[in-house]
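Here is how names work: the chains are called A, B, and so on, in the same order as the sequence lines, proteins then strands, and each is numbered from 1.
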2 protein chains.
Amino acid sequence: MLSDSAPICDNSPVMPNDNTAQSLDYGLGLLLRRAQAAVAGDFTQRFAADNIRAAQYTLLRLLRDRPGLAPTRVGAALGVRRTNFVPLFDGLERRGLAERRRVPGDRRAMALFLSDAGEALLLRLEAVAAAHEAEFTARLGSSAARTALIDLLGRLERDAEAGA
Amino acid sequence: MLSDSAPICDNSPVMPNDNTAQSLDYGLGLLLRRAQAAVAGDFTQRFAADNIRAAQYTLLRLLRDRPGLAPTRVGAALGVRRTNFVPLFDGLERRGLAERRRVPGDRRAMALFLSDAGEALLLRLEAVAAAHEAEFTARLGSSAARTALIDLLGRLERDAEAGA
DNA sequence: TATTGTTATACTCTATAACTATA
DNA sequence: TATAGTTATAGAGTATAACAATA
(Lines give C-alpha, C1' and ligand atoms only; values in the text may rest on other atoms or scores of the structure.)
Protein backbone atom coordinates (compact mmCIF):
# COMPACT_ATOMS: atom_id res chain seq x y z
CA MET A 1 0.00 0.00 0.00
CA LEU A 2 0.89 3.64 0.02
CA SER A 3 1.75 6.01 2.81
CA ASP A 4 -1.78 6.53 4.13
CA SER A 5 -0.58 8.68 6.98
CA ALA A 6 0.62 11.34 4.55
CA PRO A 7 -1.54 14.39 3.90
CA ILE A 8 -4.00 13.92 1.07
CA CYS A 9 -3.04 17.12 -0.67
CA ASP A 10 -0.13 19.48 -0.19
CA ASN A 11 -0.05 22.12 -2.86
CA SER A 12 1.30 24.94 -0.78
CA PRO A 13 4.04 26.90 -2.51
CA VAL A 14 7.04 24.66 -2.30
CA MET A 15 9.52 27.49 -2.44
CA PRO A 16 9.68 31.16 -3.41
CA ASN A 17 10.57 30.33 -6.97
CA ASP A 18 9.60 26.67 -6.93
CA ASN A 19 13.24 25.65 -6.76
CA THR A 20 12.66 23.15 -3.99
CA ALA A 21 15.38 20.87 -5.17
CA GLN A 22 18.03 23.52 -4.81
CA SER A 23 17.39 24.45 -1.21
CA LEU A 24 16.89 20.87 -0.05
CA ASP A 25 20.25 19.61 -1.37
CA TYR A 26 19.13 17.13 -3.96
CA GLY A 27 22.66 16.58 -5.12
CA LEU A 28 25.30 18.25 -7.20
CA GLY A 29 23.95 16.81 -10.45
CA LEU A 30 20.58 18.56 -10.33
CA LEU A 31 22.18 21.84 -9.35
CA LEU A 32 24.63 21.55 -12.21
CA ARG A 33 21.84 20.77 -14.63
CA ARG A 34 19.79 23.77 -13.57
CA ALA A 35 22.77 26.12 -13.65
CA GLN A 36 23.79 24.83 -17.05
CA ALA A 37 20.25 25.32 -18.33
CA ALA A 38 20.26 28.91 -17.09
CA VAL A 39 23.56 29.73 -18.79
CA ALA A 40 22.73 27.87 -22.00
CA GLY A 41 19.32 29.54 -22.17
CA ASP A 42 20.85 33.00 -21.93
CA PHE A 43 23.42 32.10 -24.56
CA THR A 44 20.83 30.74 -26.98
CA GLN A 45 18.71 33.87 -26.57
CA ARG A 46 21.61 36.22 -27.28
CA PHE A 47 22.83 34.24 -30.30
CA ALA A 48 19.39 33.57 -31.79
CA ALA A 49 19.62 36.58 -34.11
CA ASP A 50 22.80 35.18 -35.69
CA ASN A 51 21.45 31.64 -35.71
CA ILE A 52 24.56 30.31 -33.99
CA ARG A 53 24.46 27.58 -31.38
CA ALA A 54 26.85 27.39 -28.45
CA ALA A 55 28.82 24.50 -29.93
CA GLN A 56 29.21 26.37 -33.20
CA TYR A 57 30.49 29.50 -31.49
CA THR A 58 33.11 27.49 -29.61
CA LEU A 59 33.95 25.76 -32.87
CA LEU A 60 34.54 29.08 -34.62
CA ARG A 61 36.83 30.25 -31.83
CA LEU A 62 38.75 26.99 -31.82
CA LEU A 63 39.26 27.12 -35.59
CA ARG A 64 40.73 30.60 -35.39
CA ASP A 65 43.03 29.77 -32.46
CA ARG A 66 44.19 26.43 -33.87
CA PRO A 67 43.69 26.41 -37.64
CA GLY A 68 44.18 23.12 -39.46
CA LEU A 69 42.89 20.88 -36.70
CA ALA A 70 41.40 17.48 -37.52
CA PRO A 71 37.62 17.00 -37.09
CA THR A 72 38.04 14.23 -34.53
CA ARG A 73 40.32 16.40 -32.42
CA VAL A 74 38.05 19.43 -32.54
CA GLY A 75 35.08 17.26 -31.67
CA ALA A 76 36.91 15.90 -28.64
CA ALA A 77 37.74 19.41 -27.44
CA LEU A 78 34.06 20.32 -27.74
CA GLY A 79 32.85 17.14 -26.09
CA VAL A 80 31.15 16.05 -29.32
CA ARG A 81 31.64 12.66 -30.96
CA ARG A 82 33.12 12.70 -34.43
CA THR A 83 29.89 11.27 -35.81
CA ASN A 84 27.88 14.19 -34.46
CA PHE A 85 30.55 16.67 -35.40
CA VAL A 86 29.82 16.28 -39.11
CA PRO A 87 26.43 18.03 -39.23
CA LEU A 88 27.68 20.60 -36.73
CA PHE A 89 30.51 21.62 -39.04
CA ASP A 90 28.34 21.25 -42.15
CA GLY A 91 26.12 24.00 -40.78
CA LEU A 92 29.06 26.39 -40.74
CA GLU A 93 30.48 25.25 -44.07
CA ARG A 94 27.17 25.66 -45.90
CA ARG A 95 27.09 29.27 -44.73
CA GLY A 96 30.64 29.83 -45.94
CA LEU A 97 31.98 30.40 -42.43
CA ALA A 98 34.46 27.52 -42.40
CA GLU A 99 35.80 24.85 -44.72
CA ARG A 100 37.47 21.47 -44.92
CA ARG A 101 40.76 21.00 -46.77
CA ARG A 102 42.57 17.82 -47.73
CA VAL A 103 45.86 17.07 -46.02
CA PRO A 104 48.94 16.29 -48.18
CA GLY A 105 50.46 13.62 -45.96
CA ASP A 106 47.39 11.51 -45.24
CA ARG A 107 44.71 11.24 -47.90
CA ARG A 108 42.10 10.17 -45.35
CA ALA A 109 42.55 13.15 -43.04
CA MET A 110 40.94 16.57 -43.23
CA ALA A 111 42.08 19.94 -41.87
CA LEU A 112 39.55 22.52 -40.71
CA PHE A 113 39.84 26.25 -41.31
CA LEU A 114 37.88 29.40 -40.69
CA SER A 115 36.93 31.52 -43.72
CA ASP A 116 37.27 35.29 -43.82
CA ALA A 117 33.51 35.53 -43.47
CA GLY A 118 33.77 33.28 -40.44
CA GLU A 119 36.43 35.49 -38.90
CA ALA A 120 34.33 38.57 -39.50
CA LEU A 121 31.27 36.99 -37.93
CA LEU A 122 33.33 35.73 -35.02
CA LEU A 123 34.44 39.27 -34.21
CA ARG A 124 30.82 40.34 -33.88
CA LEU A 125 29.87 37.24 -31.92
CA GLU A 126 32.61 37.78 -29.40
CA ALA A 127 31.04 41.06 -28.38
CA VAL A 128 27.75 39.24 -27.76
CA ALA A 129 29.56 36.52 -25.86
CA ALA A 130 31.31 39.13 -23.71
CA ALA A 131 27.94 40.53 -22.65
CA HIS A 132 26.77 37.00 -21.93
CA GLU A 133 29.79 36.28 -19.75
CA ALA A 134 29.45 39.63 -18.02
CA GLU A 135 25.86 38.80 -17.09
CA PHE A 136 26.91 35.68 -15.22
CA THR A 137 29.99 37.25 -13.70
CA ALA A 138 27.56 39.81 -12.27
CA ARG A 139 25.33 37.04 -10.93
CA LEU A 140 28.32 35.39 -9.31
CA GLY A 141 29.18 38.68 -7.62
CA SER A 142 32.77 39.16 -8.73
CA SER A 143 35.41 38.14 -11.21
CA ALA A 144 37.14 36.26 -8.41
CA ALA A 145 34.00 34.19 -7.86
CA ARG A 146 33.95 33.33 -11.55
CA THR A 147 37.58 32.21 -11.40
CA ALA A 148 36.80 30.10 -8.36
CA LEU A 149 33.81 28.50 -10.11
CA ILE A 150 35.85 27.71 -13.21
CA ASP A 151 38.50 26.06 -11.06
CA LEU A 152 35.94 23.95 -9.23
CA LEU A 153 34.16 22.91 -12.44
CA GLY A 154 37.49 21.81 -13.91
CA ARG A 155 38.08 19.50 -10.97
CA LEU A 156 34.80 17.71 -11.60
CA GLU A 157 36.08 16.47 -14.94
CA ARG A 158 39.19 14.82 -13.57
CA ASP A 159 39.29 11.04 -13.84
CA ALA A 160 36.04 11.14 -15.73
CA GLU A 161 37.06 8.05 -17.73
CA ALA A 162 39.15 6.25 -15.12
CA GLY A 163 37.66 3.16 -13.50
CA ALA A 164 37.00 3.35 -9.76
CA MET B 1 39.05 33.38 -49.43
CA LEU B 2 40.42 31.54 -46.47
CA SER B 3 43.38 32.15 -44.25
CA ASP B 4 46.09 31.00 -46.61
CA SER B 5 48.84 32.03 -44.23
CA ALA B 6 47.68 29.39 -41.74
CA PRO B 7 49.48 26.06 -41.54
CA ILE B 8 48.03 23.42 -43.86
CA CYS B 9 47.76 20.80 -41.18
CA ASP B 10 48.05 20.98 -37.42
CA ASN B 11 47.16 17.72 -35.79
CA SER B 12 49.52 17.91 -32.87
CA PRO B 13 47.97 16.91 -29.57
CA VAL B 14 45.82 19.85 -28.61
CA MET B 15 46.06 19.18 -24.92
CA PRO B 16 46.99 16.38 -22.52
CA ASN B 17 43.43 15.10 -22.47
CA ASP B 18 42.15 16.93 -25.53
CA ASN B 19 40.33 19.40 -23.32
CA THR B 20 41.55 22.39 -25.23
CA ALA B 21 38.44 24.37 -24.58
CA GLN B 22 38.89 24.17 -20.84
CA SER B 23 42.40 25.54 -20.60
CA LEU B 24 41.86 28.25 -23.21
CA ASP B 25 38.86 29.79 -21.44
CA TYR B 26 36.13 29.18 -23.96
CA GLY B 27 33.51 30.46 -21.62
CA LEU B 28 31.57 29.37 -18.59
CA GLY B 29 28.93 27.61 -20.67
CA LEU B 30 31.22 25.01 -22.20
CA LEU B 31 32.87 24.31 -18.87
CA LEU B 32 29.48 23.87 -17.24
CA ARG B 33 28.37 21.54 -20.00
CA ARG B 34 31.45 19.37 -19.69
CA ALA B 35 31.27 19.24 -15.91
CA GLN B 36 27.58 18.40 -16.05
CA ALA B 37 28.28 15.65 -18.56
CA ALA B 38 30.92 14.17 -16.26
CA VAL B 39 28.61 14.13 -13.25
CA ALA B 40 25.58 12.93 -15.20
CA GLY B 41 27.63 10.17 -16.82
CA ASP B 42 28.81 8.86 -13.48
CA PHE B 43 25.27 9.00 -12.13
CA THR B 44 23.81 7.14 -15.09
CA GLN B 45 26.47 4.45 -14.79
CA ARG B 46 25.82 3.88 -11.10
CA PHE B 47 22.03 3.81 -11.50
CA ALA B 48 21.97 1.71 -14.65
CA ALA B 49 21.47 -1.52 -12.71
CA ASP B 50 18.27 -0.15 -11.15
CA ASN B 51 17.15 1.45 -14.41
CA ILE B 52 16.59 4.80 -12.74
CA ARG B 53 17.38 8.08 -14.41
CA ALA B 54 18.60 11.14 -12.53
CA ALA B 55 15.27 12.96 -12.84
CA GLN B 56 13.45 9.91 -11.51
CA TYR B 57 15.72 9.61 -8.48
CA THR B 58 15.16 13.26 -7.61
CA LEU B 59 11.47 12.71 -8.15
CA LEU B 60 11.42 9.80 -5.72
CA ARG B 61 13.19 11.87 -3.08
CA LEU B 62 10.88 14.82 -3.59
CA LEU B 63 7.80 12.62 -3.27
CA ARG B 64 8.99 11.26 0.06
CA ASP B 65 9.93 14.66 1.46
CA ARG B 66 6.80 16.41 0.24
CA PRO B 67 4.04 13.83 -0.32
CA GLY B 68 0.88 14.99 -2.05
CA LEU B 69 2.47 17.55 -4.34
CA ALA B 70 0.85 18.44 -7.65
CA PRO B 71 2.50 17.25 -10.88
CA THR B 72 3.03 20.78 -12.17
CA ARG B 73 4.76 21.80 -8.94
CA VAL B 74 7.04 18.77 -8.86
CA GLY B 75 7.91 19.30 -12.49
CA ALA B 76 8.88 22.89 -11.79
CA ALA B 77 11.13 21.82 -8.92
CA LEU B 78 12.84 19.36 -11.24
CA GLY B 79 13.11 21.84 -14.09
CA VAL B 80 10.77 19.71 -16.23
CA ARG B 81 7.67 21.05 -17.99
CA ARG B 82 4.38 19.53 -16.96
CA THR B 83 3.95 18.07 -20.44
CA ASN B 84 7.22 16.16 -20.15
CA PHE B 85 6.56 15.24 -16.56
CA VAL B 86 3.79 12.84 -17.53
CA PRO B 87 5.92 10.09 -19.12
CA LEU B 88 8.57 10.61 -16.44
CA PHE B 89 6.10 9.85 -13.68
CA ASP B 90 4.39 7.13 -15.73
CA GLY B 91 7.67 5.23 -15.71
CA LEU B 92 7.62 5.11 -11.92
CA GLU B 93 3.90 4.41 -11.65
CA ARG B 94 4.04 1.49 -14.05
CA ARG B 95 6.68 -0.08 -11.83
CA GLY B 96 4.55 0.46 -8.75
CA LEU B 97 7.00 2.91 -7.20
CA ALA B 98 4.65 5.88 -7.04
CA GLU B 99 1.03 6.72 -7.73
CA ARG B 100 -1.42 9.51 -8.53
CA ARG B 101 -4.43 10.19 -6.31
CA ARG B 102 -7.39 12.43 -6.89
CA VAL B 103 -7.77 15.49 -4.68
CA PRO B 104 -11.08 16.09 -2.81
CA GLY B 105 -11.20 19.87 -3.19
CA ASP B 106 -10.35 20.23 -6.87
CA ARG B 107 -11.51 17.52 -9.25
CA ARG B 108 -8.96 18.52 -11.87
CA ALA B 109 -5.94 18.27 -9.61
CA MET B 110 -3.81 15.24 -8.78
CA ALA B 111 -1.65 14.51 -5.74
CA LEU B 112 1.51 12.43 -6.08
CA PHE B 113 2.70 9.84 -3.58
CA LEU B 114 5.47 7.35 -3.11
CA SER B 115 4.50 3.69 -2.67
CA ASP B 116 6.06 1.41 -0.06
CA ALA B 117 7.99 -0.26 -2.85
CA GLY B 118 9.16 3.17 -3.93
CA GLU B 119 10.33 3.98 -0.42
CA ALA B 120 12.18 0.69 -0.16
CA LEU B 121 13.90 1.24 -3.49
CA LEU B 122 14.75 4.81 -2.53
CA LEU B 123 16.58 3.61 0.56
CA ARG B 124 18.85 1.47 -1.59
CA LEU B 125 19.29 4.19 -4.19
CA GLU B 126 20.38 6.70 -1.60
CA ALA B 127 23.37 4.56 -0.76
CA VAL B 128 24.36 4.54 -4.41
CA ALA B 129 23.81 8.29 -4.61
CA ALA B 130 25.99 8.81 -1.54
CA ALA B 131 28.86 7.02 -3.25
CA HIS B 132 28.25 9.13 -6.34
CA GLU B 133 28.36 12.35 -4.33
CA ALA B 134 31.44 11.17 -2.44
CA GLU B 135 33.25 10.59 -5.72
CA PHE B 136 32.81 14.20 -6.77
CA THR B 137 33.45 15.61 -3.33
CA ALA B 138 36.77 13.77 -3.59
CA ARG B 139 37.45 15.28 -6.98
CA LEU B 140 36.69 18.72 -5.61
CA GLY B 141 39.20 18.12 -2.82
CA SER B 142 37.08 18.81 0.24
CA SER B 143 33.58 19.14 1.56
CA ALA B 144 34.15 22.87 1.84
CA ALA B 145 34.93 23.04 -1.86
CA ARG B 146 31.64 21.27 -2.57
CA THR B 147 29.75 23.75 -0.45
CA ALA B 148 31.45 26.60 -2.26
CA LEU B 149 30.57 25.11 -5.63
CA ILE B 150 26.93 24.64 -4.67
CA ASP B 151 26.76 28.24 -3.54
CA LEU B 152 28.25 29.51 -6.80
CA LEU B 153 25.98 27.34 -8.95
CA GLY B 154 22.95 28.66 -7.11
CA ARG B 155 23.93 32.22 -7.96
CA LEU B 156 23.95 31.41 -11.67
CA GLU B 157 20.22 30.69 -11.56
CA ARG B 158 19.26 34.06 -10.12
CA ASP B 159 17.19 36.28 -12.40
CA ALA B 160 17.06 33.48 -14.92
CA GLU B 161 13.60 34.58 -16.07
CA ALA B 162 13.90 38.34 -15.52
CA GLY B 163 14.15 40.53 -18.61
CA ALA B 164 17.37 42.50 -19.01
C1' DT C 1 -11.75 32.90 -19.52
C1' DA C 2 -8.16 30.42 -16.81
C1' DT C 3 -6.18 26.22 -14.94
C1' DT C 4 -4.88 21.03 -14.42
C1' DG C 5 -3.55 17.22 -16.55
C1' DT C 6 -2.95 15.10 -20.71
C1' DT C 7 -1.93 13.74 -25.76
C1' DA C 8 0.37 14.28 -29.97
C1' DT C 9 4.19 15.93 -32.15
C1' DA C 10 8.53 17.96 -33.60
C1' DC C 11 13.07 19.38 -32.99
C1' DT C 12 17.55 19.04 -30.93
C1' DC C 13 21.14 16.38 -28.78
C1' DT C 14 23.36 12.29 -28.21
C1' DA C 15 24.67 7.34 -29.09
C1' DT C 16 25.57 2.99 -32.00
C1' DA C 17 26.51 0.39 -36.16
C1' DA C 18 28.34 0.18 -40.35
C1' DC C 19 30.23 1.91 -44.61
C1' DT C 20 34.46 4.11 -47.70
C1' DA C 21 38.89 5.08 -48.54
C1' DT C 22 42.86 5.07 -47.00
C1' DA C 23 47.01 3.51 -44.00
C1' DT D 1 43.89 -4.91 -39.07
C1' DA D 2 43.43 -0.12 -37.77
C1' DT D 3 42.21 4.66 -38.60
C1' DA D 4 39.69 9.17 -40.48
C1' DG D 5 35.72 10.71 -42.05
C1' DT D 6 31.19 9.83 -43.06
C1' DT D 7 26.22 8.01 -43.29
C1' DA D 8 22.07 6.31 -41.41
C1' DT D 9 19.47 5.66 -37.58
C1' DA D 10 17.67 5.27 -32.98
C1' DG D 11 17.09 7.04 -28.57
C1' DA D 12 16.92 10.53 -25.07
C1' DG D 13 15.64 15.37 -23.70
C1' DT D 14 13.02 19.27 -24.54
C1' DA D 15 9.77 22.35 -27.02
C1' DT D 16 4.89 23.96 -28.71
C1' DA D 17 -0.10 23.32 -29.80
C1' DA D 18 -4.25 21.67 -28.61
C1' DC D 19 -7.66 19.01 -26.16
C1' DA D 20 -11.04 17.55 -22.07
C1' DA D 21 -12.51 18.35 -17.63
C1' DT D 22 -13.04 21.58 -14.21
C1' DA D 23 -12.79 26.06 -11.90
Side-chain angles (χ1 to χ4, degrees), chain A residues 9-11 13 18 29-30 32-34 36-38 40-41 43-45 47-48 51-59 68-76 78-91 93-94 98-112 161, chain B residues 9-11 13-14 18 29-30 32-34 36-38 40-41 43-45 47-48 51-59 68-76 78-91 93-94 98-112:
Chain A
C9 176
D10 172 15
N11 279 337
D18 252 341
L30 180 60
L32 263 173
R33 196 178 87 83
R34 293 172 62 104
Q36 200 268 334
F43 189 99
T44 299
Q45 216 170 311
F47 282 73
N51 197 28
I52 289 286
R53 286 172 293 156
Q56 289 177 319
Y57 170 69
T58 309
L59 177 48
L69 240 44
T72 300
R73 193 164 299 281
V74 176
L78 267 58
V80 173
R81 311 212 161 196
R82 65 188 193 283
T83 178
N84 296 322
F85 179 78
V86 179
L88 183 70
F89 190 86
D90 285 350
E93 196 171 41
R94 265 195 304 271
E99 83 165 25
R100 295 165 166 93
R101 293 187 200 167
R102 300 231 74 105
V103 172
D106 190 335
R107 280 164 58 191
R108 301 169 300 179
M110 303 292 283
L112 306 181
E161 299 304 315
Chain B
C9 176
D10 172 15
N11 279 339
V14 183
D18 250 342
L30 180 60
L32 263 173
R33 194 178 89 84
R34 294 172 62 105
Q36 200 268 334
F43 190 100
T44 299
Q45 217 169 310
F47 282 74
N51 196 28
I52 289 285
R53 285 173 294 155
Q56 289 177 318
Y57 171 69
T58 308
L59 178 46
L69 279 176
T72 299
R73 194 163 300 279
V74 176
L78 267 59
V80 174
R81 311 211 161 198
R82 66 188 194 281
T83 178
N84 295 322
F85 179 78
V86 178
L88 183 70
F89 191 86
D90 285 349
E93 196 170 41
R94 264 195 304 271
E99 82 166 26
R100 295 166 166 93
R101 292 187 201 168
R102 299 232 75 107
V103 173
D106 190 332
R107 282 163 59 189
R108 300 170 302 179
M110 303 292 283
L112 306 182

Separation of B:L112 atom CG from C:dT4 atom P, in whole Å? 13 Å
Measure the distance from CE on B:M110 to P on D:dT22 and round it to the nearest whole Å. 12 Å
How does each nucleotide of nucleotides 8-17 of chain D score, in 5' to 3' order, for protein heavy atoms under 4.0 Å: base (B), sugar-phosphate only (S), or none (-)? B----SBBBB
Rounded to the nearest 0.5 Å, what's the gap from OG1 on B:T58 to CD1 on B:I52? Could you check? 10.5 Å
Under 4.0 Å from OP1 or OP2 of C:dT4: is there any side-chain N or O of B:R73 that close? no
Find the distance B:D90:CG to C:dG5:C1' and express it as a whole number of Å. 11 Å
Pairing residues for B:D90 by the side-chain hydrogen bond (donor to acceptor under 3.5 Å, both in side chains) criterion, not counting sequence neighbours: B:R100
Value for CG (A:L59) from CG (A:L69), rounded to nearest 0.5 Å, stands at 10.0 Å
Could you state the CG-P distance from B:L88 to C:dT7, rounded to the nearest angstrom? 14 Å
If the condition is side-chain hydrogen bond (donor to acceptor under 3.5 Å, both in side chains), which residues does A:R108 pass it with, not counting sequence neighbours? A:D106
Sorted by chain and number, sequence neighbours left out, ring pair (Phe, Tyr, Trp, His ring centres under 6.0 Å) with B:F43 holds for B:F47, B:Y57, B:H132
In 5'-to-3' order, the base (B), backbone-only (S) or no-contact (-) status of each nucleotide in nucleotides 18-23 of chain C, using a 4.0 angstrom heavy-atom cut-off, is ---BBS
B:R102 CZ to C:dT4 P, straight-line distance once rounded to whole Å: 14 Å
Between atom CZ in B:R100 and atom P in C:dT4, what is the gap in whole Å? 16 Å
For B:N51 and B:Q56, work out which heavy atoms get closest and say how close. O-OE1, 4.0 Å
Quick check: on DNA chain C, is the nucleotide nearest A:P87 upstream (toward 5') of the one nearest B:P87, or the reverse? Name the residue that is more 5'. B:P87
Rounded to whole Å, CD of A:Q56 lies from P of C:dT12 at a distance of 11 Å
Between C:dC13 (P) and A:F89 (CZ): distance, integer Å: 17 Å
Is there a side-chain contact between B:F89 and B:V74 (heavy atoms, below 4.5 Å)? no
Mind checking the CG-CZ spacing from A:L112 to A:R101? Nearest 0.5 Å is all I need. 10.5 Å
Side chains of B:R82 and B:P71 in contact at under 4.5 Å (non-hydrogen atoms): no
